Amino acid sequence: MTASSELVIGDPPTVASAGEHALIARIRARLPQPPDWLIAGPGDDAAIVAPVRNELQVVTTDACVEGVHFDRRFVPPSAAGHRAMAMNLSDLAAMGAEPRYALLSLLLPDALPLGDFDAILDGLLGEAARHQMPVAGGNITRSPGPLVIDVTAAGTVRPRRFLTRAGARAGDLVFVSGTIGAARAGLEMCRAGGGSAAADPAGPASRYLRPDARVRLGLLLGRRQAATACIDLSDGLADGARQLAHASALGIEIDAAALPIDAETRRWFESRGQDPVAAAVAGGDDYELLFTVSPKRAGRLRGVERLARGLALTRIGRMQKEPGVTLRREDGRVEDMPGGYEHFWR
Ligand SMILES: [Mg+2]
């Protein structure tokens with residue numbers, strides 16, 4: 001706690017001035033009563049979790065690094081927390097898993113204001129609570145560089161009810177949930193100084209700042225065995241389609257005219273001189289699900305659709321034997337799918 005003596009009176013309190021133990025106490029004070037199956041939870045050396053009988057465990061981890069995955073100049077701390085939790089929930093959704101618990105690892109720069117720390121927790125814990133996913137433990141450490149919010153999430157799924165990227169067959173229909181490209185448009189709006197989630201909770205900026213992981217859809221697709229393969233679009237539709245095609249050892253043809261791109265997103269890309277289709281398929285952070293359905297099981301998908309609470313499921317293409325991912329344009333031209341989105345090379 002030496003840092004506190006260096007503080008000028010009147011400065012806002014920082015995480016360094018609070019110290020690690022106080023920060024952990026701050027988190028624990030906000031956690032709801034742990035469930036019975038969490039035999040040892042936050043505060044012990046490790047969590048002890050009772051397994052769910054006859055269910056498989058699904059585990060994922062994803063770190064959000066300031067300067068790589070988000071920019072603190074326009075991503076408010078609560079949105080940084082929300083996004084970090086949502087991207088892990090989205091990975092569970094893609095596997096058809098029900099969220100069970102999360103672990104947090106927070107790497108904090110000394111100068112991070114305590115108010116920002118609390119706001120990061122608002123985003124993380126709010127999103128976890130919305131999916132009834134308790135935080136089972138975690139770790140806080142100083143970062144000499146960027147703020148890092150690292151989340152591990154575990155879920156459960158019944159045997160033969162999970163989804164992977166690898167199960168698609170030639171002739172399967174390709175579907176995507178919701179709309180694509182809005183998060184990229186929202187990121188561009190935020191960068192340009194015009195985007196905030198408060199302005200329009202359904203607009204592109206909100207889609208970027210507060211993505212909604214498609215957990216319910218993933219569960220329905222898995223439980224009803226409606227999908228043959230599934231992936232979440234964390235890195236955009238072009239990248240997701242390539243990953244799914246590769247894992248299934250097939251190709252995909254996507255129909256550009258069928259892609260669900262909302263009007264505001266389309267207008268934004270057009271106003272910036274970009275081709276809306278190319279921009280939308282290359283844009284990351286959609287967190288929609290891309291999945292394949294056997295034509296014989298179209299009836300099961302209609303059942304899923306009825307329970308999906310208004311979430312649109314749009315047929316956008318077909319799996320084919322020939323490898324590669326192509327885009328059929330409205331004029332009938334077939335071209336290679338434009339580039340994906342890789343955080344490392346942005
Ligand atoms: Mg994923």
Side-chain angles (χ1 to χ4, degrees), residues 51-52 54-62 85-102 131-133 151-178 180 211-252 254 260 286-309 311-320 325:
V52 183
N54 298 327
E55 300 232 359
L56 304 173
Q57 184 164 209
V58 181
V59 192
T60 185
T61 185
D62 230 324
M85 192 57 77
M87 64 176 64
N88 281 275
L89 285 162
S90 181
D91 279 330
L92 293 181
M95 308 302 290
E98 179 162 13
R100 191 145 194 249
Y101 63 89
H131 292 274
Q132 289 97 46
M133 183 171 65
V151 177
T152 298
T156 57
V157 66
R158 278 167 57 200
R160 293 187 299 282
R161 293 294 186 274
F162 57 82
L163 304 167
T164 71
R165 303 173 176 187
R169 278 176 232 126
D172 281 358
L173 310 173
V174 178
F175 284 80
V176 71
S177 64
I180 60 160
D212 193 3
R214 304 307 189 189
V215 172
R216 183 177 166 81
L217 174 62
L219 277 173
L220 289 168
L221 290 173
R223 284 179 183 168
R224 299 192 157 227
Q225 295 181 299
T228 49
C230 185
I231 186 171
D232 74 312
L233 298 184
S234 45
D235 295 330
L237 185 122
D239 179 81
R242 271 194 210 97
Q243 305 276 355
L244 193 149
H246 182 76
S248 294
L250 292 169
I252 303 182
I254 302 282
D286 284 324
Y287 299 108
E288 296 294 350
L289 297 183
L290 180 76
F291 57 95
T292 57
V293 176
S294 161
K296 282 176 282 183
R297 294 193 172 179
R300 293 189 185 186
L301 186 65
R302 280 192 287 278
V304 168
E305 209 159 15
R306 273 196 297 277
L307 296 169
R309 294 182 180 153
L311 177 62
L313 307 179
T314 308
R315 182 177 152 186
I316 59 165
R318 187 180 282 270
M319 302 302 297
Q320 50 191 22
V325 178

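Keep in mind that this is a model prediction, so the values were computed, not measured. Just so you know, residue 1 is the first one in the sequence shown, and it goes up from there. Values below: all heavy atoms of this structure, side chains included; hydrogens, waters and symmetry mates excluded.
- Using a distance-only test at 3.5 Å, with no hydrogens or angles considered, a donor-acceptor pair links the side chain of Thr292 to the main chain of Ala229.
- The distance from atom NE2 of His246 to atom CD1 of Ile231, rounded to the nearest 0.5 Å, is 11.5 Å.
- Atom CZ of Arg161 has more than 12 neighbouring heavy atoms from other residues, nucleotides or ligands inside a 6.0 Å radius.
- Checked by atom type and distance alone, the side chain of Thr314 never pairs as donor or acceptor with a backbone atom of Ile316 at under 3.5 Å.
- Residue Phe162 holds its CZ atom at 15.0 Å from CG of Leu221, rounded to the nearest 0.5 Å.
- Taking the side-chain contact (heavy atoms from CB on, under 4.5 Å) definition, one finds that Ala247 meets it with Arg165, Ala166, sequence neighbours left out.
- Looking only at side-chain heavy atoms (C-beta outward), Val174 and Phe291 stay at 4.5 Å or farther from each other.
- Nearest heavy-atom pair across Asp286 and Leu237 is OD2-N, 4.4 Å.
- Here the CG atom belonging to Asn54 is positioned 11.5 Å from the OG1 atom belonging to Thr156, to the nearest 0.5 angstrom.
- Atom CG of Asp62 and atom CE of Met87 lie 5.5 Å apart (nearest 0.5 Å).
- Between Thr228 and Ala168 the shortest heavy-atom distance is OG1-CA, 3.8 Å.
- Sorted by first then second residue, the salt bridge (Lys or Arg N to Asp or Glu O under 4.0 Å) pairs that include residues 213-232, not counting sequence neighbours, are Glu98-Arg223, Asp212-Arg214, Arg214-Glu288.
- Between atom CZ of residue Arg309 and atom CG of residue Leu220 there is a gap of 8.5 Å, rounded to the nearest 0.5 Å.
- Within the 3.5 Å criterion, the main-chain N or O of Leu244 finds a donor-acceptor partner in the side chain of Ser248.
- Between Leu289 and Ala93, the shortest heavy-atom contact is CD1-O, 4.2 Å.
- Between the side chain of Asp91 and the backbone N or O of Asn88, no donor-acceptor pair lies under 3.5 Å.
- Annotation for Val151 and Ala102: closest pair CG1-CB, 4.4 Å, computed over non-hydrogen atoms.
- Gln225 places a side-chain N or O within donor-acceptor distance of the main-chain N or O of Arg160, the cut-off being under 3.5 Å.
- Shortest non-hydrogen contact noted between Pro211 and Ala86 is O-CB, 3.7 Å.
- Within the model, atoms CG of Leu313 and CG of Leu217 stand 5.5 Å from one another, a figure rounded to the nearest 0.5 Å.
- Nearest heavy-atom pair, Ala213 versus Leu89, reported as atom, atom and distance to 0.1 Å: CB-CB, 3.7 Å.
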